[in-house]
Amino acid sequence: MTDPYSGPPPAAERPAPALERLAPRVVPYWYLSDLLGTIVLAALLFGGTLWLRERTEWWAPVLRWGALGLVAASLVWTLVSPPLAFVRWAFAVDDELLQMRYGIVFHEERVVPVRRMQHVDLVRGPLERLFGLATLVVFTAGNEGSAFRVPGLLAARAAALRDRILRARGDDVL
Amino acid sequence: MTTSSEPPVPLPAAAPPPVLLAGHLHPGVLFLRFVDGVQRAVLPLVLGLAVERWFLALAAVLFVSQMSYGLVRYLTFQFVLTTEELITREGILNRQERRIPIDRIQDLGFESTLLRRLFGLVVVSVETASGSGKEALLDSLGRWEAERLREALLAVRSSRGTASAAAAVQLPPMADEIRLFAATTGELLLRGITDLRIGALLLTALAMLQFANEVPVVELRLLLGKFLQWLQSFPPAVLVALAAGLVLLVLGTGLIAAVAGNLVMFHGFVLGLRGEVLQRRYGLLTTRSKALPLRRVQRVVIEQSWLRRLLGYATVRVDSAGGSMDQSNDSKGGWDVVVPLCERARAEALLPVLLPHLAWDGAIWHAVSPRVVLRLFLKGALLVSLLLAAGLPALGAPALLATVLLPAAFAIGWLTWRNVAWAEVPGQLLLQWGWLGRYRAFVPVRKVQSVIVRAGPVERLLGLATVTVYVAGGSPTALGDLPYADALALQSQLATAAAQSARADWTCRRRADVPAPAAPMA
């Protein structure tokens, strides 16, 4: 029986592809983008708590300190997370599967069969362009959790990965 | 006038595929729009007569705009079925044309409200596998014409690549319908009675009382105080009876609502199989009928909520791509229900039909790691310590009551460990979950879109992980508390098998330009 499910274990049949890291310059990129995010958050919260100054109810200082705590926590996370995220992030693409491994607090391992992908996008935000980075986004059919993102790729590498995926899918229109 | 005999509309393509069927909306639609227009105009009309004259103009504008919209749509709307696609066109100034390749059409759903049924009208919804579910809505066609459209569509699809599709349409209907299941009134009654929303209703009522109690509205407190004083003038026996009566009233209302809702929704439920297509028809006021090709089935779930499990009954749901966008709301009208309620054995007997090639008699069920008990106990302990930290300063000794949650957490953990299991049989992944109820999902491995392994801090501490399997329809199926290494092994195995069957699908599709077969090729 050539049943795909009870076949030999995958490792014996096809060596696992070597895991690839993100481009190291993603760390400064993350520092910058997270820092900007924190600044925006701080500005919003500062604006929001301005009118609290006049208030003397018991909850006014609670809100104020809460906002301050939020900004502090965000700042600490901004300082700590980029290198950790870089160390954790790894991915691999071959003709069959896209594998991803990431997450600092919540570890995640994702596997997507290449032929199940509906379309493949390259996304480059303004900051990403500044650093010469790109994000690869692939979509599968389905409603929830159908988008998979690989951030922090060098633009050329991202394009090469996209082409490789499209070739593996059999779309020879490149 | 259902003008299916009208000359076909010329297509811009170089070699236009033959037109099989073309038609317009049913003229009864005009009456529906008239009713809509009256409905819209009635409030300004009343206001105009009673309050201010110019509301009459508003009423007229609303009515006329509704009617003319309906008229324009009726006059311009047109559908054409060719051997390649279903095309709809509408509009005068803003001409809109929509082409849906037949291969992508997932389903034709029929729905008919009470008013439409008077005219023999049905709303035909064309569903594709795209995330948004409904692709086109033909509101409304005559019943006969809608049936013809469906016949033609099914015939074209089943004959693709084999014979001339145009010839196939001329053939009599492909196969007789085999009746798989017909719901009895008793079963529907039982479905209503065991509907757990009754419990939810009671909880909502309690929560609302609680909320009213918390809100610092002085008047309400005073009112409540007076009410309580007034209540205290009664003997305790009367009070207990009153409270019991109130609870019964709430329960009774919920029960009646649930029973009536289920009877109305699923009245006359029939599940049939015609060739490779599942057919469902049901409904008392709004009648629905839906065809679901078996090869579009993404996942089958046999659900037994705790009450139904106690009684030995189950419901069967089928997820198909695209159709189950809104898990939370009722707007899909039970689209995914295949069996509203029947004995568990009967539900399981239907499985080989819903999932051809499923053989799970000898399935070996694997329990999850026993550390799940520890994890849920830790979760409970965390909750208890939070409650104590908040409650002890405020309430004093009574807050210690929270410790009752500790044995409860342990019990839940133990029950979860006893109930959650998974099994692999050729081509299928079987998952079972629930700690009081029992839910069993049957996922064809070839439908797997992606597999994710997740582990939070506590799970990592205990060496556990959650495997989540995504298919193209419905919500993902999660299996928690596997040992980390097992989770990775299962993920790798599933993903590899899915990739293999995806490759088989692709080569098959490319070689013969026919849809992939319903089961892995043997």
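On a predicted model such as this, the values are computed, not experimentally measured, just so you know. Below, chains carry the letters A, B, ... as their sequence lines are ordered, and counting in each starts from 1.
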Discussion item. Donor-acceptor check, side chain of Gln491(B) to backbone of Glu109(A), threshold 3.5 angstrom: yes or no?
Written reply: yes
Most heavy-atom pairs under 4.5 Å with chain A, out of Ala495(B), Gly456(B), Ala455(B), belong to Ala455(B)
Correct closest heavy-atom pair for Ile452(B) and Arg110(A) would be CD1-NE, 3.3 Å
**Message:** Under the criterion side chain to side chain contact (heavy atoms under 4.5 Å, CB included), I'd like the reasoning laid out for Arg116(A) against Tyr470(B): C-alpha separation, chi angles, the key distance, then a yes or no.
**Reply:** CA-CA 11 Å; Arg116(A) 288 284 183 243; Tyr470(B) 289 77; over 6 Å; no
Rounded to the nearest 0.5 Å, the OG atom of Ser492(B) sits from the CG atom of Leu97(A) at a distance of 8.0 Å
Donor-acceptor pair, distance only, cut-off 3.5 Å: does the side chain of Arg115(A) make one with the backbone of Gln500(B)? no
Note: vs chain B, highest number of non-hydrogen pairs under 4.5 angstrom among Met100(A), Glu108(A), Gln118(A) is Glu108(A)
Within 6.0 Å of CH2 in Trp365(B), more than 12 heavy atoms from elsewhere: yes
Considering residues, nucleotides and ligands other than Ile364(B), do more than 12 of their heavy atoms fall under 6.0 Å from its CD1? no
When rounded to the nearest 0.5 Å, the distance separating CD of Gln449(B) from CZ of Phe148(A) is 8.5 Å
For Arg124(A), does the CZ atom sit with more than 12 other heavy atoms under 6.0 Å from it, leaving out its own atoms? yes
Cut-off 4.5 Å, heavy atoms of chain A, and the answer for Val467(B) is neither
Cut-off 4.5 Å, heavy atoms of chain A, and the answer for Arg454(B) is both
Closest heavy-atom pair, Pro113(A) versus Ala498(B), reported as atoms and distance to 0.1 Å, is CG-CB, 3.9 Å
